[in-house]
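Scope of the values below: all heavy atoms of this structure, side chains included, with no hydrogens, waters or symmetry mates. For the single chain, residues carry numbers from 1 onward in sequence order.
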Amino acid sequence: MNAVRVPRLVLRAAVWELRKVTAFRAGFWLKEIFRNLARPLVMVCVLMSASGLPQGVAGDGVSLQSAVAYMVVVALLEKLIFHDRCLELSDQIFQGYITKYFTMPFPYFVLPAGRFVQHTLLQLAIVVPAWTLLSWWIPEWCPPPKDALHAFWSVSLVLIGSLCFLLFYFTLHALAFWLDVVWTTLVMARMLALFCGGMILPPMLMPESVQAAFAWTFPWWTIAMPVQLAAGGMGAEQAAHLWLQGLATLSVWMLVLIAIAATVWSRGRRRYAGSGM
């Protein structure tokens, strides 16, 4: 298959996925507009009602306002991250109709890639105006990016990290070639990734040793650092250095995850014998 045809097929798959998610209006609003909002907003309520953090903005940046503002931006940027429920691979394996994709004249990954493109473009169209509106309405709780450059640094890391999440979840779904239950594994892996990425607890409330350990993981550079980069609470040179460090870390993770996903997929296909495994 030539290199031009694959991107064209990915875009075509993305268009079909967009038509599918917008076909049912109630489902579109519930799944696409309000996806990933409940947990960060619940954490905001917890911080505001039971937190012992000082009010206002403390000198070291650890305050109720900074923690709440962090979680509000998390609620926005997390919508850009590819979700494990966006894939149906494990269901297709269990039900046996994954075999029909083995005979098609293009790689199966074209379909998840198309869904990734559709998800990213749709969520960008939701997040950008929502962030703009909230930063104008409640700037103290939803601070806008410091400038266009900081916004680019932040969103670029989120999108590359989202691709890492796609590969990560694709691999876990492909474990259905060997396991009879994948949902529990996905839930546990998702919760661990959310915690490592600072999507459950703001990093400023974590010990420094924990933050240093999480800095080796791709979820940390997908959300925790992009939120801090967008805020612009550091010098331009330090922010640029962190952005480059994030690009390097996510690039290494992406290559590793590509290799793992390809290995799991190819070995799973060789042993697959249809539904009922």
**Request:** Treating Ile, Leu, Val, Met, Phe, Trp and Tyr as nodes and any side-chain heavy-atom pair under 4.5 angstrom as an edge, say whether L186 and V181 lie in one connected cluster.
**Result:** no
**Asked** Is it the case that more than 12 heavy atoms not belonging to W183 sit under 6.0 Å from its CH2 atom?
**Response** yes
**Prompt:** So which heavy atom on R85 is nearest to which on R190, and how close?
**Reply:** NE-NH2, 4.0 Å
**Message:** I'd like to know if L192 and L179 are part of one continuous hydrophobic network [Ile/Leu/Val/Met/Phe/Trp/Tyr, side-chain heavy atoms within less than 4.5 Å].
**Reply:** no
**Item:** Any residue meeting side chain to side chain donor-acceptor pair (under 3.5 Å) with D91, in chain and number order, not counting sequence neighbours
**Value:** none
**Request:** Using a 4.5 Å cut-off on heavy atoms from C-beta on, say whether the side chain of L257 contacts that of F165.
**Result:** no
**Request:** Can you see which heavy atom on L89 is nearest to which on H173, and at what distance?
**Result:** CB-CB, 3.8 Å
Residues 228-235, side-chain donor-acceptor partners within the protein, below 3.5 Å, at least two apart:
{"residue": "Q228", "atom": "NE2", "partner": "A224", "partner atom": "O", "Å": "3.4"}

**Item:** Nearest non-hydrogen partners of K100 and M104, listed with the distance
**Value:** O-CG, 3.7 Å
**Request:** Check whether any side-chain heavy atom of L111 lies under 4.5 Å from a side-chain heavy atom of F106, and answer yes or no.
**Result:** yes
**Item:** Residues that W243 engages under side chain to side chain donor-acceptor pair (under 3.5 Å), provided they are two or more places apart
**Value:** S156
**Message:** Holding to side chain to side chain donor-acceptor pair (under 3.5 Å), I want the full list of residues that pass it with Y108, two or more places apart in sequence or in another chain.
**Reply:** Q92
**Complete:** In this structure, CG of L157 is separated from CG of L244 (nearest 0.5 Å) by 9.5 Å
**Request:** Consider only side-chain heavy atoms of I, L, V, M, F, W and Y, link residues closer than 4.5 Å, and tell whether V15 and L9 are in one cluster.
**Result:** no
**Request:** Evaluate the side-chain proximity of P145 to V155: yes if any heavy-atom separation is below 4.5 Å, no if none is.
**Result:** no
**Fill in**
When every non-hydrogen atom of T222 is compared with those of P226, the smallest separation belongs to O-CG, 3.3 Å
**Request:** Working to the nearest 0.5 Å, report the span between CG of L250 and CG of L159.
**Result:** 11.0 Å
**Prompt:** Parallel, tilted or perpendicular: which fits the ring planes of Y272 and F177, with parallel below 30° and perpendicular above 60°?
**Reply:** perpendicular
**Request:** Please assess V110 against R12 for the test side chain to side chain contact (heavy atoms under 4.5 Å, CB included), listing each intermediate value before the final yes or no.
**Result:** CA-CA 10 Å; V110 166; R12 183 174 297 180; over 6 Å; no
**Prompt:** Do P203 and W220 come within less than 4.5 Å of each other through their side chains, counting heavy atoms only?
**Reply:** yes
**Request:** Mind listing the closest non-hydrogen atom pair of F170 and P112 along with its distance?
**Result:** CE1-CG, 4.1 Å
**Item:** Atom pair OG1 (T171) and CG (L166), whose distance is rounded to the nearest 0.5 Å
**Value:** 9.0 Å
**Prompt:** With hydrophobic residues grouped by side-chain heavy-atom distances under 4.5 Å, do V256 and I160 end up in a single group?
**Reply:** yes
**Message:** Between S162 and L80, does the side chain to side chain contact (heavy atoms under 4.5 Å, CB included) criterion hold? Intermediate values first, please.
**Reply:** CA-CA 7 Å; S162 178; L80 299 175; 5.8 Å; no
**Asked** Do the side chain of W221 and the main chain of L247 share a donor and acceptor less than 3.5 angstrom apart?
**Response** no
**Message:** Just verifying a value: how many Å separate L194 CG and L201 CG, rounded to the nearest 0.5 Å?
**Reply:** 12.5 Å
**Request:** State yes or no: do L121 and V127 share one hydrophobic cluster built from I, L, V, M, F, W and Y residues joined by side-chain heavy-atom distances below 4.5 Å, directly or via other members?
**Result:** yes
**Asked** side chain to side chain contact (heavy atoms under 4.5 Å, CB included) between L134 and W141: does it pass, once the steps are laid out?
**Response** CA-CA 9 Å; L134 289 175; W141 302 115; over 6 Å; no
**Request:** Nearest 0.5 Å please: distance from the CD atom of Q118 over to the NZ atom of K20.
**Result:** 8.5 Å
**Request:** Determine, stepwise, if the pair F168 / F218 fulfils side chain to side chain contact (heavy atoms under 4.5 Å, CB included).
**Result:** CA-CA 10 Å; F168 177 62; F218 70 88; 3.9 Å; yes
**Request:** Flag the pair W178 / V264 as yes when at least one side-chain heavy-atom distance between them is below 4.5 Å, and no otherwise.
**Result:** yes
**Test salt bridge (charged side-chain N to carboxylate O under 4.0 Å, His left out) applied to E88 - qualifying residues, sequence neighbours left out** = R115
**Request:** Mark yes or no for whether W131, through its side chain, and P143, through its backbone, hold a donor-acceptor pair below 3.5 Å.
**Result:** yes
**Prompt:** Do the non-hydrogen side-chain atoms of T132 and P129 ever get within less than 4.5 Å of each other?
**Reply:** no
**Asked** Is there side-chain contact between I81 and M199, with heavy atoms separated by less than 4.5 Å?
**Response** yes
**Asked** How long is the gap from CZ on R269 to OG on S266, to the nearest 0.5 Å?
**Response** 9.0 Å
**Asked** Are W265 and F109 close enough that some pair of their side-chain heavy atoms sits under 4.5 Å apart?
**Response** no
**Message:** Please find the pair of heavy atoms, one from G198 and one from M206, that lie closest to each other, and give the distance.
**Reply:** CA-CE, 4.1 Å
**Asked** Just by distance, do the side chain of T249 and the backbone of G246 share a donor-acceptor pair under 3.5 Å?
**Response** no
**Message:** Can you tell me how the ring of H83 sits relative to the ring of Y169, calling it parallel under 30°, perpendicular over 60° and tilted otherwise?
**Reply:** tilted
**Request:** If the plane angle is over 60° it's perpendicular, under 30° parallel, otherwise tilted; pick one for Y101 and Y97.
**Result:** tilted
**Prompt:** How would you list, by chain and number, every residue that makes a side chain to side chain donor-acceptor pair (under 3.5 Å) with S154, sequence neighbours excluded?
**Reply:** none
